[in-house]
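To keep things clear, I will list the structure first and then write my remarks on it.
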Amino acid sequence: MAQEIKFFDLKKISDSFEPEMSAAIQNVVASGWYLQGQSVKIFEQEFADYCNCKYCVGVGNGLDALTLILTAYKHLLGWNDGDEVIVSANTYIASILAITRAGLKSVACEPTLDDYLIDVKQIEGLITSRTRAIMPVHLYGRCCDMASITKIAQEHNLKVVDDCAQAHGALYDGRKVGCLADASGFSFYPGKNLGALGDGGAVTTNDELLAATVRQLANYGSERKYVNKYKGINSRLDEIQAAVLSVKLKRLDKDNAARRRVAEAFTKGISSQFVTLPYINVCRDFSGDERNVFHIYPIRCSHRDELQKHLKTNGISTLIHYPIPFHRQEAYKEYANLSLPITEKIHNEELSLPMSPLLTESEIEQIVNAVNTFKP
């Protein structure tokens, strides 16, 4: 009987942070202060320092983080409803939902098949008189080509708002995501590289006015109690989640290095002719390829569903990121006429193998062998 390997074992991850995590939670409970207290302030400063940026604002989740950034820019820069944001077409729907919630319009840009990230060469052809921002998504844990994206944005007077929900700790030219754009949105969903014990998110930026506006919008549009400047929302990181994140942040770089070692073992071990492995840098030097923190290890297979069943038979749980692209969702039927063949190919073929910094050598070997024995 094959050993069962979960896609991501949250309990095992949480247990690995004990007893520090439980002690941090108990300290919050004992303090009697559960919102907008010292734990949030401490984590915001720690995460800002980690990302090497000036400001971090803790919010309720990653979707809110992106929505609040775009809404703040609307107020500060006079953007109008229906103005456009160019975004990766193959992203998780949260990126698209954030643009919609801010009253803006998504303009889908195809990714490349090399790394599944936004195709920089296609961005300029999508810019119109109503374009206000570019939203690169560091999908699966790999950082986009931010130098090229920033250059395009500067030439056209656009903002860059990057979706960092899957890329905590990823580096680009020695700089961590979170300081590479005008503003960045993070999710701390439990399964992320830096995950809370519930929902959570953050906005990072070097723009003091933007950070202050995001903070107000997230607090009912209020800077001072009962005085409301904006029609805001309630989206605040709570004290318990902040305390948990402070504990986990200390180990993030070490855990990301462990993820890269797992990815190296997968890439060197998987030899199936039916599987396309994710792009790694040309020299295949995993230890130095800190641009990718492997939130997900995505393979592609034209017989994806059969492969998934084969792996399940061998005790291996997998996930599909994502089975339906946004322009094929009922919620976005107005985009149904879009032709996005590369995006659709990725969504039709992608399968995510188990990925965790705690995967053992025997588990990795079991996964590799199962993939290699697949025959459609």
Side-chain angles (χ1 to χ4, degrees), residues 48 50-57 65-91 95-96 98-99 102-112 114-139 142-186 202-214 217 281 290-292:
Y50 178 81
C51 295
N52 194 30
C53 67
K54 293 180 180 178
Y55 307 102
C56 171
V57 181
L66 294 173
T67 304
L68 288 161
I69 293 169
L70 296 173
T71 303
Y73 275 135
K74 283 185 73 178
H75 287 292
L76 296 174
L77 302 178
W79 294 358
N80 296 311
D81 284 349
D83 282 348
E84 297 170 352
V85 178
I86 297 171
V87 61
S88 308
N90 61 318
T91 185
S95 312
I96 311 297
I99 296 169
L104 303 170
K105 179 183 178 182
S106 297
V107 176
C109 183
E110 285 268 61
T112 73
D114 285 338
D115 56 17
Y116 314 138
L117 302 177
I118 192 168
D119 188 347
V120 175
K121 295 178 182 177
Q122 295 192 36
I123 291 176
E124 283 198 283
L126 297 172
I127 295 174
T128 71
S129 61
R130 301 202 67 176
T131 306
R132 298 292 176 262
I134 304 169
M135 184 184 286
V137 182
H138 307 305
L139 201 62
R142 184 173 180 81
C143 189
C144 297
D145 181 1
M146 294 302 289
S148 298
I149 293 168
T150 300
K151 183 174 183 292
I152 293 169
Q154 290 173 344
E155 290 173 352
H156 294 271
N157 194 29
L158 306 176
K159 291 296 182 182
V160 178
V161 178
D162 58 345
D163 183 338
C164 303
Q166 298 185 1
H168 313 71
L171 289 178
Y172 182 86
D173 288 342
R175 301 167 63 211
K176 284 190 170 71
V177 299
C179 73
L180 303 173
D182 293 294
S184 304
F186 287 88
V203 171
T204 59
T205 183
N206 286 318
D207 185 331
E208 182 178 11
L209 183 56
L210 178 71
T213 304
V214 166
L217 285 166
N281 65 344
E290 294 180 327
R291 183 171 166 179
N292 197 335

With distance as the sole criterion, is a donor-acceptor pair present between the side chains of D162 and H138 under 3.5 Å? yes

Can you find a side-chain donor-acceptor pair between S95 and D163 that sits under 3.5 Å? yes

Student check: side-chain heavy atoms of [X] and [Y] closer than 4.5 Å:
X    : Y    : result
I99  : T67  : no
I152 : I127 : yes
I134 : V85  : no
T71  : V214 : no
V160 : M146 : yes
I149 : V120 : yes

For [X], all residues meeting side chain to side chain donor-acceptor pair (under 3.5 Å), sequence neighbours excluded:
X    : answer
T213 : none
K74  : D81
S88  : none
Y172 : D145

What is the minimum heavy-atom distance between [X] and [Y], and which atoms define it?
X    : Y    : result
Q122 : C109 : CB-SG, 3.8 Å
I118 : C144 : CG2-SG, 4.2 Å
V161 : P136 : O-CD, 3.6 Å
L210 : A183 : CD2-CB, 3.4 Å
S106 : V87  : CB-CG1, 4.1 Å
D182 : T205 : O-OG1, 2.7 Å

With [X], which residues qualify under side-chain contact (heavy atoms from CB on, under 4.5 Å), at least two apart?
X    : result
A108 : A89, F326, L338, L340
V107 : E84, I86, L126
N206 : C53, K54

[X] side-chain N/O to [Y] backbone N/O, donor-acceptor pair under 3.5 Å:
X    : Y    : value
R291 : C143 : yes
D115 : L117 : yes
T204 : G178 : yes

Between T112 and K121, is the side-chain contact (heavy atoms from CB on, under 4.5 Å) condition met? List the steps. CA-CA 10 Å; T112 73; K121 295 178 182 177; over 6 Å; no

Quick one: which residue pairs count as a salt bridge (Lys or Arg N to Asp or Glu O under 4.0 Å) with a foot in residues 164-180, not counting sequence neighbours? K176-D253

Could you list the residues that satisfy salt bridge (Lys or Arg N to Asp or Glu O under 4.0 Å) with D83, not counting sequence neighbours? R130, R132

All salt bridge (Lys or Arg N to Asp or Glu O under 4.0 Å) counterparts of E155, not counting sequence neighbours: K151

Report the distance from atom CG of N90 to atom CD of E110, rounding to the nearest 0.5 Å. 8.0 Å

Measuring from atom CD1 of I123 to atom OG of S148, what distance do you get when rounded to the nearest 0.5 angstrom? 8.5 Å

Just jot down the ring-ring contact (aromatic ring centres under 6.0 Å, His included) partners of H168, sequence neighbours excluded, or say none. F186, F188

Could you walk me through whether V203 and Y55 pass side-chain contact (heavy atoms from CB on, under 4.5 Å), step by step? CA-CA 8 Å; V203 171; Y55 307 102; over 6 Å; no

If you look only at pairs with a residue in residues 144-166, which of them pass as a ring pair (Phe, Tyr, Trp, His ring centres under 6.0 Å), with sequence neighbours excluded? none

